[in-house]
Amino acid sequence: MNAAAVAADLARFVHPEQVTELRALSVGGPGRTFSGWFDGAHLLDMARNALALTRQAAGVYFVPNPVHPAVAAKRMNVVLNVPKGFRLTHDEDVLERRYLMVDMDPRRLHLDDPASDDQKCPTTARELAFAKRTADRYVRPFLRALGFAEPVVMCSGNGVHLVYRYSAPLPTAAWGTLADPIAETLRALSDRFTCYGVSIDADTYTPSRMLKVPGTIVRKGEATRSRPHRLARIIEVPDGWREPDAPPAAPPGGAEPAEHHQPDGRVETAGQGRTPRRVSRDDPRLFDGGERSPAVH
């Protein structure tokens with residue numbers, strides 16, 4: 001992905017008037033963090049920084065909920081190394097919660113080595129496909145019955161994220177309490193659908209919860225042929241989701257965007273989120289392919 005495509009994906013979450021934090025972990029080595037805040041008018045700059053950092057980082061993240069501008073004033077639209085004691089975005093720095101983020105993490109089964117129980121390595125394509133199938137067959141219908149619209153579906157590199165948008169943002173005052181609807185929903189999902197093959201994180205209700213930047217590489221554990229490092233990316237964008245305000249622009253005259261068939265079986269539509277329209281949702285090819293060095297434009 002190039003910077004324009006990454007900026008377009010970020011614009012699906014970050015509104016023009018919104019402030020977000022970009023954070024890269026373990027840049028060039030453990031414990032080295034880079035961070036900066038960006039407003040919605042500078043998402044292309046944010047994307048360029050994310051693609052530059054992903055070449056050496058273990059993971060590159062952003063805060064989808066809006067951050068108070070006063071927090072960002074000390075480092076706006078620039079990314080720098082984080083010194084010891086430097087304050088990053090905390091839960092109390094978030095203005096409101098706009099999203100329910102469902103994090104589905106596949107269990108690493110190690111069928112080739114039954115004695116191993118290493119859960120910190122990359123997932124296989126089939127483990128990821130199982131998480132996606134669980135999301136499609138059970139989690140999404142359950143939330144649909146509760147009145148949720150369809151989510152943005154993301155590959156987090158080693159798992160599946162379902163990102164639901166609230167029509168009316170929730171205040172941050174009650175987060176984490178028994179009266180918190182996000183925490184209550186996540187607990188219900190975790191209790192109902194966590195199984196041997198996949199777990200649902202019940203703790204993603206915090207206001208400053210981050211998502212991986214689409215188009216950046218996720219380096220968790222040692223990569224192998226069957227367990228490669230992958231790009232975080234958007235798999236599906238539902239009809240009616242907020243259209244990105246960042247480039248690239250829609251084709252003139254309402255023409256149908258061109259489709260590009262990728263080596264891993266995906267179909268990419270220029271200027272839009274990735275949609276696996278020609279690949280079965282259960283097909284492991286959705287997650288084949290490992291680390292690719294992104295170009296920075």
Side-chain angles (χ1 to χ4, degrees), residues 1 9 12-13 59 64 99-111 119 121-146 148-165 185-186 188-202 204 209 211-218 220-221 223 226-239 241 259 261-269 272-292:
M1 293 179 69
D9 278 347
R12 299 187 186 279
F13 305 96
Y99 304 102
L100 169 69
M101 291 172 270
V102 182
D103 181 2
M104 304 185 64
D105 188 33
R107 180 173 177 80
R108 284 64 160 171
L109 298 179
H110 298 288
L111 299 178
Q119 298 299 307
C121 61
T123 52
T124 66
R126 292 193 177 277
E127 289 165 353
L128 270 172
F130 180 81
K132 179 67 164 55
R133 184 164 61 249
T134 302
D136 290 338
R137 293 185 178 181
Y138 303 105
V139 178
R140 293 173 67 176
F142 179 80
L143 290 173
R144 194 180 302 126
L146 294 180
F148 283 89
E150 291 302 313
V152 165
V153 183
M154 302 179 66
C155 172
S156 65
N158 290 304
V160 174
H161 286 168
L162 306 178
V163 185
Y164 290 85
R165 180 182 57 190
T185 301
L186 290 171
L189 292 174
S190 180
D191 291 344
R192 187 176 294 255
F193 299 115
T194 290
C195 60
Y196 180 74
V198 64
S199 63
I200 295 179
D201 189 347
T204 58
R209 174 65 56 171
L211 292 173
K212 295 183 179 73
V213 175
T216 60
I217 300 167
V218 181
K220 181 179 183 179
S226 62
R227 298 183 179 276
H229 292 151
R230 295 183 179 85
L231 291 180
R233 60 186 177 87
I234 292 177
I235 301 172
E236 297 179 38
V237 179
D239 294 338
W241 190 272
E259 292 181 348
H261 294 259
Q262 302 302 307
D264 60 358
R266 292 180 292 114
V267 176
E268 284 197 1
T269 305
Q272 297 183 358
R274 265 57 62 200
T275 307
R277 288 182 288 172
R278 302 187 189 277
V279 180
S280 165
R281 289 179 173 181
D282 297 345
D283 196 324
R285 287 181 298 160
L286 276 173
F287 307 104
D288 282 345
E291 177 176 322
R292 284 168 281 181

Taking every non-hydrogen atom, the tightest pair across [X] and [Y]:
| X | Y | answer |
| --- | --- | --- |
| P228 | P122 | O-CB, 3.5 Å |
| F130 | C195 | CE2-SG, 4.1 Å |
| A202 | S190 | CB-CB, 4.0 Å |
| C155 | L128 | SG-CD1, 4.4 Å |
| P238 | P151 | CD-O, 3.2 Å |
| S156 | K212 | O-CD, 3.0 Å |

(request) Look at the rings of F193 and F142 and say which category their plane angle falls in: under 30° parallel, 30 to 60° tilted, over 60° perpendicular. (result)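 Ring orientation of F193 relative to F142: perpendicular.
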Gap between atom [atom2] of [Y] and atom [atom1] of [X] - 0.5 Å precision:
| X | Y | atom1 | atom2 | value |
| --- | --- | --- | --- | --- |
| T216 | L231 | OG1 | CG | 7.5 Å |
| I200 | M104 | CD1 | CE | 4.5 Å |
| K220 | H229 | NZ | NE2 | 10.5 Å |
| T204 | D103 | OG1 | CG | 6.5 Å |
| T124 | R227 | OG1 | CZ | 5.0 Å |
| M101 | F13 | CE | CZ | 9.5 Å |

(request) Examine R165 relative to W241 and say whether NZ or CZ is less than 6.0 Å from the centre of the six-membered ring and inside a 45° cone about the ring axis. (result) yes
(message) Evaluate L186 against D201 for side-chain contact (heavy atoms from CB on, under 4.5 Å), listing each step before the verdict.
(response) CA-CA 7 Å; L186 290 171; D201 189 347; over 6 Å; no
(request) Step by step, work out the side-chain contact (heavy atoms from CB on, under 4.5 Å) result for V160 and T134. (result) CA-CA 10 Å; V160 174; T134 302; over 6 Å; no
(request) Tell me, with the steps shown, if L162 and V153 meet side-chain contact (heavy atoms from CB on, under 4.5 Å). (result) CA-CA 5 Å; L162 306 178; V153 183; 3.9 Å; yes
(request) Applying ring-ring contact (aromatic ring centres under 6.0 Å, His included), name anything that partners Y138, two or more places apart in sequence or on another chain. (result) none
(request) Using salt bridge (Lys or Arg N to Asp or Glu O under 4.0 Å) as the criterion, list what pairs up with R192, not counting sequence neighbours. (result)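 Once residues adjacent in sequence are excluded, R192 has no partner under the salt bridge (Lys or Arg N to Asp or Glu O under 4.0 Å) criterion.
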(request) Please identify each residue that fulfils salt bridge (Lys or Arg N to Asp or Glu O under 4.0 Å) with D105, with sequence neighbours left out. (result) R108
(message) Would you say that T194 contacts S199 through its side chain, given a criterion of any heavy-atom pair below 4.5 Å between the two side chains?
(response)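 Side-chain contact under 4.5 Å: yes.
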(message) Any non-hydrogen side-chain atom of R12 less than 4.5 Å from a side-chain atom of I234?
(response)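 Heavy-atom side-chain distance check passes, below 4.5 Å.
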(message) Between the side chains of R133 and D136, is the shortest nitrogen-to-carboxylate-oxygen separation below 4.0 Å, so that they form an ion pair?
(response) no
(message) Looking at T123, is its backbone amide N or carbonyl O close enough to the side chain of R230 to form a donor-acceptor pair, meaning the two atoms are under 3.5 Å apart?
(response) yes
